[in-house]
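Keep in mind that what you see is a predicted model, and the values were worked out from it rather than measured. All ligand and atom numbering here is 1-based and tracks the order in the structure.
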Amino acid sequence: MQIIKTVSSMQEYTLKNKRLGKKIGFVPTMGYLHEGHESLLKKARQENDILVASIFVNPLQFGPNEDFEKYPRNEQHDIEIAKKNGVDALYMPTVEEMYPTDLGIAIQVVDRVDVLCAKSRPGHFDGVVTVLTKLFHTTSPDHVYFGIKDAQQVAVVDQLIKDYNFPIQLHMLETIREVDGLAKSSRNVYLTEQERTEAPSLFMSLQVAQQKIFDGEKNPAIIVNEVKKYINTHTTGNIDYVEILRFPSLKPLTRVDQQVIIAVAVQFSQARLIDNIILMPDGTSSNVLG
Ligand code: AMP
(Lines give C-alpha, C1' and ligand atoms only; values in the text may rest on other atoms or scores of the structure.)
Protein backbone atom coordinates (compact mmCIF):
# COMPACT_ATOMS: atom_id res chain seq x y z
CA MET A 1 0.00 0.00 0.00
CA GLN A 2 1.28 3.44 -0.89
CA ILE A 3 0.73 6.33 1.50
CA ILE A 4 0.39 9.54 -0.46
CA LYS A 5 0.46 12.97 1.11
CA THR A 6 0.48 15.49 -1.70
CA VAL A 7 -2.03 16.53 -4.34
CA SER A 8 0.52 16.23 -7.13
CA SER A 9 1.62 12.69 -6.27
CA MET A 10 -1.97 11.59 -5.79
CA GLN A 11 -2.90 12.98 -9.20
CA GLU A 12 0.14 11.36 -10.77
CA TYR A 13 -0.85 8.02 -9.24
CA THR A 14 -4.45 8.20 -10.46
CA LEU A 15 -3.51 9.46 -13.94
CA LYS A 16 -1.02 6.63 -14.35
CA ASN A 17 -3.69 4.07 -13.45
CA LYS A 18 -6.33 5.71 -15.63
CA ARG A 19 -4.00 5.53 -18.60
CA LEU A 20 -3.61 1.82 -17.94
CA GLY A 21 -7.40 1.53 -18.14
CA LYS A 22 -7.84 0.71 -14.45
CA LYS A 23 -11.13 1.33 -12.66
CA ILE A 24 -10.63 3.37 -9.52
CA GLY A 25 -12.83 2.99 -6.46
CA PHE A 26 -12.62 5.71 -3.82
CA VAL A 27 -13.67 5.80 -0.17
CA PRO A 28 -13.32 9.23 1.47
CA THR A 29 -13.18 9.24 5.29
CA MET A 30 -12.15 11.32 8.26
CA GLY A 31 -10.24 8.37 9.72
CA TYR A 32 -10.44 6.63 13.07
CA LEU A 33 -11.62 3.75 10.95
CA HIS A 34 -14.19 1.25 12.19
CA GLU A 35 -16.28 -1.57 10.70
CA GLY A 36 -18.58 0.97 9.02
CA HIS A 37 -15.66 2.31 7.01
CA GLU A 38 -14.40 -1.22 6.45
CA SER A 39 -17.65 -2.27 4.81
CA LEU A 40 -17.19 0.55 2.27
CA LEU A 41 -13.57 -0.49 1.67
CA LYS A 42 -14.51 -4.14 1.22
CA LYS A 43 -17.23 -3.34 -1.30
CA ALA A 44 -14.99 -0.94 -3.21
CA ARG A 45 -12.19 -3.52 -3.19
CA GLN A 46 -14.47 -6.09 -4.84
CA GLU A 47 -15.70 -3.74 -7.54
CA ASN A 48 -12.56 -1.93 -8.72
CA ASP A 49 -9.03 -2.55 -9.98
CA ILE A 50 -7.56 0.14 -7.78
CA LEU A 51 -8.77 1.09 -4.32
CA VAL A 52 -8.03 4.57 -3.06
CA ALA A 53 -9.07 5.74 0.41
CA SER A 54 -8.53 9.11 1.98
CA ILE A 55 -8.17 10.19 5.56
CA PHE A 56 -8.68 13.87 6.08
CA VAL A 57 -10.40 15.65 8.95
CA ASN A 58 -11.77 18.56 6.98
CA PRO A 59 -11.79 21.80 9.00
CA LEU A 60 -14.20 23.40 6.51
CA GLN A 61 -17.07 21.15 7.54
CA PHE A 62 -16.80 21.88 11.26
CA GLY A 63 -18.54 24.86 12.82
CA PRO A 64 -16.65 27.18 15.22
CA ASN A 65 -18.06 25.43 18.31
CA GLU A 66 -17.76 21.91 16.95
CA ASP A 67 -15.23 19.16 17.59
CA PHE A 68 -12.58 19.68 14.87
CA GLU A 69 -9.68 19.86 17.37
CA LYS A 70 -10.79 16.86 19.37
CA TYR A 71 -12.13 14.73 16.54
CA PRO A 72 -10.55 11.30 17.24
CA ARG A 73 -7.42 10.54 15.22
CA ASN A 74 -5.17 7.48 15.04
CA GLU A 75 -3.00 7.32 11.91
CA GLN A 76 -1.22 4.05 12.72
CA HIS A 77 -4.47 2.22 13.39
CA ASP A 78 -5.98 3.63 10.18
CA ILE A 79 -2.96 2.56 8.11
CA GLU A 80 -3.30 -0.99 9.47
CA ILE A 81 -7.04 -1.12 8.71
CA ALA A 82 -6.49 0.27 5.22
CA LYS A 83 -3.76 -2.32 4.51
CA LYS A 84 -5.94 -5.13 5.86
CA ASN A 85 -8.73 -4.13 3.48
CA GLY A 86 -6.54 -4.08 0.38
CA VAL A 87 -6.26 -0.32 -0.10
CA ASP A 88 -3.75 0.40 -2.88
CA ALA A 89 -3.26 4.08 -2.13
CA LEU A 90 -4.07 5.82 1.13
CA TYR A 91 -4.29 9.57 0.61
CA MET A 92 -3.52 11.50 3.79
CA PRO A 93 -2.98 15.17 2.97
CA THR A 94 -2.33 17.77 5.66
CA VAL A 95 -4.68 20.72 6.07
CA GLU A 96 -1.97 22.96 4.53
CA GLU A 97 -1.69 20.67 1.51
CA MET A 98 -5.46 20.65 1.02
CA TYR A 99 -5.95 24.38 1.64
CA PRO A 100 -2.64 26.18 0.98
CA THR A 101 -4.50 29.48 0.64
CA ASP A 102 -8.00 30.70 1.34
CA LEU A 103 -10.27 29.51 -1.45
CA GLY A 104 -11.18 32.22 -3.97
CA ILE A 105 -14.19 30.32 -5.25
CA ALA A 106 -16.87 28.97 -2.95
CA ILE A 107 -19.08 25.97 -3.57
CA GLN A 108 -22.37 26.30 -1.76
CA VAL A 109 -25.19 23.86 -1.23
CA VAL A 110 -28.51 25.60 -1.83
CA ASP A 111 -30.96 22.71 -1.83
CA ARG A 112 -32.04 20.75 1.28
CA VAL A 113 -30.39 23.33 3.58
CA ASP A 114 -33.41 23.84 5.82
CA VAL A 115 -33.53 20.29 7.16
CA LEU A 116 -31.59 17.84 9.31
CA CYS A 117 -27.84 18.48 9.77
CA ALA A 118 -27.78 21.31 7.22
CA LYS A 119 -30.11 23.26 9.46
CA SER A 120 -28.34 22.54 12.73
CA ARG A 121 -24.81 22.72 11.27
CA PRO A 122 -24.84 25.78 8.97
CA GLY A 123 -22.08 25.61 6.36
CA HIS A 124 -21.35 21.95 7.10
CA PHE A 125 -22.34 20.66 3.67
CA ASP A 126 -20.58 23.53 1.91
CA GLY A 127 -17.42 22.19 3.55
CA VAL A 128 -18.30 18.64 2.54
CA VAL A 129 -18.89 19.42 -1.16
CA THR A 130 -15.81 21.63 -1.28
CA VAL A 131 -13.48 18.95 0.02
CA LEU A 132 -15.15 16.26 -2.08
CA THR A 133 -14.75 18.35 -5.22
CA LYS A 134 -11.03 18.61 -4.45
CA LEU A 135 -10.78 14.92 -3.57
CA PHE A 136 -12.65 13.83 -6.69
CA HIS A 137 -10.36 15.95 -8.88
CA THR A 138 -7.35 14.47 -7.14
CA THR A 139 -8.34 10.81 -7.15
CA SER A 140 -10.40 10.65 -10.39
CA PRO A 141 -12.58 7.79 -9.19
CA ASP A 142 -14.98 5.78 -11.33
CA HIS A 143 -16.89 4.66 -8.25
CA VAL A 144 -17.31 6.29 -4.84
CA TYR A 145 -18.73 4.66 -1.71
CA PHE A 146 -20.66 6.39 1.05
CA GLY A 147 -22.62 5.20 4.08
CA ILE A 148 -26.34 5.81 4.39
CA LYS A 149 -25.72 6.57 8.06
CA ASP A 150 -24.93 10.06 6.74
CA ALA A 151 -28.03 10.08 4.57
CA GLN A 152 -28.14 13.80 3.92
CA GLN A 153 -24.51 13.66 2.87
CA VAL A 154 -25.33 10.94 0.33
CA ALA A 155 -28.18 13.05 -1.06
CA VAL A 156 -25.90 16.10 -1.31
CA VAL A 157 -23.08 14.11 -2.96
CA ASP A 158 -25.58 12.68 -5.43
CA GLN A 159 -26.57 16.25 -6.29
CA LEU A 160 -22.92 17.37 -6.55
CA ILE A 161 -22.12 14.55 -8.98
CA LYS A 162 -25.18 15.30 -11.12
CA ASP A 163 -25.01 19.12 -11.03
CA TYR A 164 -21.29 19.29 -11.79
CA ASN A 165 -21.02 16.34 -14.18
CA PHE A 166 -18.51 14.28 -12.29
CA PRO A 167 -18.13 11.03 -14.27
CA ILE A 168 -18.55 9.05 -11.08
CA GLN A 169 -20.97 6.38 -9.95
CA LEU A 170 -22.17 6.80 -6.37
CA HIS A 171 -22.75 3.76 -4.18
CA MET A 172 -24.70 3.98 -0.95
CA LEU A 173 -24.08 1.30 1.66
CA GLU A 174 -26.07 0.31 4.69
CA THR A 175 -25.28 1.36 8.25
CA ILE A 176 -23.07 -1.02 10.20
CA ARG A 177 -24.11 -1.32 13.85
CA GLU A 178 -22.83 -2.63 17.14
CA VAL A 179 -24.63 -5.76 18.38
CA ASP A 180 -26.90 -3.58 20.51
CA GLY A 181 -27.95 -1.54 17.47
CA LEU A 182 -25.81 1.56 18.00
CA ALA A 183 -24.57 2.82 14.63
CA LYS A 184 -20.77 2.57 14.50
CA SER A 185 -19.23 6.02 14.60
CA SER A 186 -15.80 7.46 15.26
CA ARG A 187 -17.49 9.74 17.78
CA ASN A 188 -18.82 6.85 19.92
CA VAL A 189 -15.52 6.87 21.88
CA TYR A 190 -16.60 10.20 23.38
CA LEU A 191 -19.70 8.74 25.04
CA THR A 192 -19.46 8.33 28.81
CA GLU A 193 -20.08 4.82 30.15
CA GLN A 194 -23.62 5.80 31.09
CA GLU A 195 -24.28 7.43 27.70
CA ARG A 196 -22.95 4.36 25.90
CA THR A 197 -25.68 2.29 27.58
CA GLU A 198 -28.28 4.86 26.50
CA ALA A 199 -27.09 5.38 22.92
CA PRO A 200 -28.71 2.25 21.37
CA SER A 201 -32.01 3.98 22.16
CA LEU A 202 -31.52 6.12 19.05
CA PHE A 203 -31.91 3.07 16.83
CA MET A 204 -34.64 1.69 19.09
CA SER A 205 -36.58 4.93 18.72
CA LEU A 206 -36.38 4.50 14.95
CA GLN A 207 -37.69 0.98 15.30
CA VAL A 208 -40.60 2.34 17.34
CA ALA A 209 -41.34 4.61 14.37
CA GLN A 210 -41.05 1.71 11.96
CA GLN A 211 -43.53 -0.29 14.04
CA LYS A 212 -45.97 2.66 14.02
CA ILE A 213 -45.79 2.80 10.22
CA PHE A 214 -46.19 -0.99 10.00
CA ASP A 215 -49.31 -0.57 12.13
CA GLY A 216 -50.67 1.89 9.58
CA GLU A 217 -49.80 5.27 11.08
CA LYS A 218 -49.54 7.82 8.26
CA ASN A 219 -49.29 11.06 10.23
CA PRO A 220 -45.65 12.22 10.40
CA ALA A 221 -46.24 14.47 13.42
CA ILE A 222 -47.49 11.54 15.50
CA ILE A 223 -44.51 9.40 14.48
CA VAL A 224 -42.03 12.20 15.28
CA ASN A 225 -43.61 12.67 18.70
CA GLU A 226 -43.31 8.98 19.52
CA VAL A 227 -39.63 9.01 18.57
CA LYS A 228 -38.96 12.12 20.67
CA LYS A 229 -40.79 10.64 23.63
CA TYR A 230 -38.74 7.45 23.36
CA ILE A 231 -35.42 9.28 23.20
CA ASN A 232 -36.31 11.63 26.04
CA THR A 233 -37.34 8.82 28.35
CA HIS A 234 -34.40 6.54 27.51
CA THR A 235 -31.45 8.92 27.25
CA THR A 236 -29.92 11.92 29.00
CA GLY A 237 -29.00 13.44 25.62
CA ASN A 238 -30.60 16.52 24.13
CA ILE A 239 -32.52 16.03 20.92
CA ASP A 240 -31.14 18.18 18.13
CA TYR A 241 -33.75 16.99 15.65
CA VAL A 242 -36.17 14.20 14.85
CA GLU A 243 -37.49 14.51 11.33
CA ILE A 244 -39.44 12.44 8.86
CA LEU A 245 -38.97 13.50 5.23
CA ARG A 246 -39.28 12.17 1.74
CA PHE A 247 -36.12 10.39 0.58
CA PRO A 248 -33.93 11.23 -1.28
CA SER A 249 -35.49 14.67 -1.95
CA LEU A 250 -35.59 15.43 1.82
CA LYS A 251 -38.77 17.40 1.26
CA PRO A 252 -41.41 17.64 4.00
CA LEU A 253 -44.50 15.48 3.83
CA THR A 254 -47.96 15.55 5.33
CA ARG A 255 -48.61 11.84 4.94
CA VAL A 256 -46.36 8.78 4.83
CA ASP A 257 -47.20 7.72 1.30
CA GLN A 258 -43.77 7.43 -0.35
CA GLN A 259 -40.28 6.32 0.58
CA VAL A 260 -39.32 8.23 3.73
CA ILE A 261 -36.33 8.80 5.95
CA ILE A 262 -36.71 9.08 9.69
CA ALA A 263 -33.60 10.76 11.05
CA VAL A 264 -32.46 11.69 14.53
CA ALA A 265 -29.58 13.70 15.99
CA VAL A 266 -28.90 13.69 19.71
CA GLN A 267 -26.29 15.71 21.55
CA PHE A 268 -24.65 13.85 24.42
CA SER A 269 -22.14 15.54 26.73
CA GLN A 270 -19.16 15.14 24.35
CA ALA A 271 -20.61 13.53 21.24
CA ARG A 272 -23.38 14.37 18.83
CA LEU A 273 -24.79 11.17 17.33
CA ILE A 274 -26.96 10.74 14.26
CA ASP A 275 -28.92 7.80 12.95
CA ASN A 276 -31.69 7.13 10.47
CA ILE A 277 -33.78 4.51 8.74
CA ILE A 278 -35.32 4.61 5.29
CA LEU A 279 -38.72 3.01 4.90
CA MET A 280 -41.32 2.29 2.29
CA PRO A 281 -44.81 3.60 3.13
CA ASP A 282 -45.82 0.14 4.40
CA GLY A 283 -42.98 0.22 6.91
CA THR A 284 -40.59 -2.16 5.16
CA SER A 285 -36.93 -1.15 5.02
CA SER A 286 -35.56 0.41 1.88
CA ASN A 287 -32.44 2.14 0.67
CA VAL A 288 -33.08 3.38 -2.79
CA LEU A 289 -31.49 6.65 -3.90
CA GLY A 290 -33.98 7.11 -6.75
P1 AMP B 1 -16.54 9.67 8.26
O2 AMP B 1 -15.17 9.16 8.49
O3 AMP B 1 -17.38 9.72 9.49
O4 AMP B 1 -16.57 10.95 7.46
O5 AMP B 1 -17.26 8.60 7.35
C6 AMP B 1 -16.70 8.19 6.12
C7 AMP B 1 -17.70 7.34 5.39
O8 AMP B 1 -18.03 6.21 6.19
C9 AMP B 1 -19.02 8.08 5.13
O10 AMP B 1 -19.49 7.73 3.84
C11 AMP B 1 -19.92 7.54 6.20
O12 AMP B 1 -21.29 7.58 5.85
C13 AMP B 1 -19.44 6.11 6.31
N14 AMP B 1 -19.80 5.54 7.61
C15 AMP B 1 -19.59 6.09 8.83
N16 AMP B 1 -20.14 5.30 9.79
C17 AMP B 1 -20.72 4.26 9.15
C18 AMP B 1 -21.45 3.09 9.59
N19 AMP B 1 -21.70 2.88 10.85
N20 AMP B 1 -21.90 2.25 8.63
C21 AMP B 1 -21.64 2.47 7.32
N22 AMP B 1 -20.95 3.53 6.85
C23 AMP B 1 -20.51 4.40 7.75
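- Between E80 and K84 no salt bridge is recorded (no basic side-chain N to carboxylate O distance below 4.0 Å).
- Between R177 and ligand 1 there is no heavy-atom distance shorter than 4.0 Å.
- Ion pairing of D78 with K83 is absent here, as no side-chain N (NZ or NE/NH1/NH2) approaches a carboxylate O to less than 4.0 Å.
- Every N/O-N/O distance between S39 and ligand 1 stays at or above 3.5 Å.
- Residue contact annotation: E35 has no non-hydrogen atom under 4.0 Å from ligand 1.
- With atom 21 (C) of ligand 1 as the reference point, the heavy atom nearest to it among E174, K184, E178 is part of E174.
- Residue V154 does not touch ligand 1, judged by heavy-atom distances below 4.0 Å.
- Side-chain polar atoms of N276 and K149 form no donor-acceptor pair below 3.5 angstrom.
- Within ligand 1, the atoms closer than 4.0 Å to a non-hydrogen atom of L40 are 7 (C), 8 (O), 10 (O), 13 (C), numbered from 1 in the order shown.
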Can you give each donor-acceptor pair under 3.5 Å made by side-chain atoms of residues 44-52, sequence neighbours left out, with the distance rounded to 0.1 Å?
residue : atom : partner : partner atom : Å
R45     : NH1  : G86     : O            : 2.7
R45     : NH1  : D88     : OD2          : 2.9
R45     : NH2  : N48     : O            : 3.3
R45     : NH2  : D49     : O            : 2.8
E47     : OE1  : Y145    : OH           : 2.7
E47     : OE2  : K43     : NZ           : 3.1
N48     : OD1  : G25     : N            : 3.3
N48     : ND2  : A44     : O            : 2.8
N48     : ND2  : Y145    : OH           : 3.0
D49     : OD2  : K23     : N            : 2.7

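- Using a 4.0 Å cut-off between charged nitrogen and carboxylate oxygen, D142 and K22 do not count as a salt-bridge pair.
- The proximity of K149 to ligand 1, defined as any non-hydrogen pair under 4.0 Å, is limited to the side chain.
- Distances shorter than 4.0 angstrom occur between a heavy atom of T175 and an atom of ligand 1.
- Counting protein heavy atoms only, atom 3 (O) of ligand 1 is closest to Y71 OH, 3.8 Å.
- Per-residue contacts place H34 under 4.0 angstrom from the following atoms of ligand 1 (heavy atoms of the residue considered): 15 (C), 16 (N), 17 (C).
- Annotation: G147 places an N or O atom under 3.5 Å from an N or O atom of ligand 1; distance criterion only.
- In terms of protein heavy-atom proximity, atom 5 (O) of ligand 1 is closest to H37 NE2, 3.4 Å.
- One finds no salt bridge joining E193 and R196 here, because no Lys/Arg side-chain nitrogen approaches an Asp/Glu carboxylate oxygen to under 4.0 Å.
- The nearest heavy-atom contact from the protein to atom 12 (O) of ligand 1 is D150 OD2, 2.6 Å.
- At a 4.0 Å heavy-atom cut-off, ligand 1 touches P28 through the backbone alone.
- Comparing G36, A151, S185, S54 by heavy-atom distance to atom 18 (C) of ligand 1, the nearest is G36.
- The residue among V157, I176, T29 with a heavy atom at the shortest distance from atom 20 (N) of ligand 1 is I176.
- Under the 3.5 Å distance criterion, with hydrogens and angles disregarded, a donor-acceptor pair is assigned to the side chains of E198 and T236.
- Salt bridge annotation for R121-D240: absent, with no cationic side-chain nitrogen under 4.0 angstrom from a carboxylate oxygen.
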List the atom pairs, donor and acceptor, that lie under 3.5 Å between side-chain atoms in residues 124-132 and the rest of the protein, sequence neighbours left out.
residue : atom : partner : partner atom : Å
H124    : ND1  : Q61     : O            : 2.8
D126    : OD1  : V109    : N            : 2.7
T130    : OG1  : D126    : O            : 2.6

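- Checked by atom type, the side-chain pair Y230/N225 shows no donor-acceptor distance below 3.5 Å.
- R272 and S120 share a side-chain donor-acceptor pair at under 3.5 Å.
- Here the heavy atom of the protein found nearest to atom 4 (O) of ligand 1 is M30 CG, 3.6 Å.
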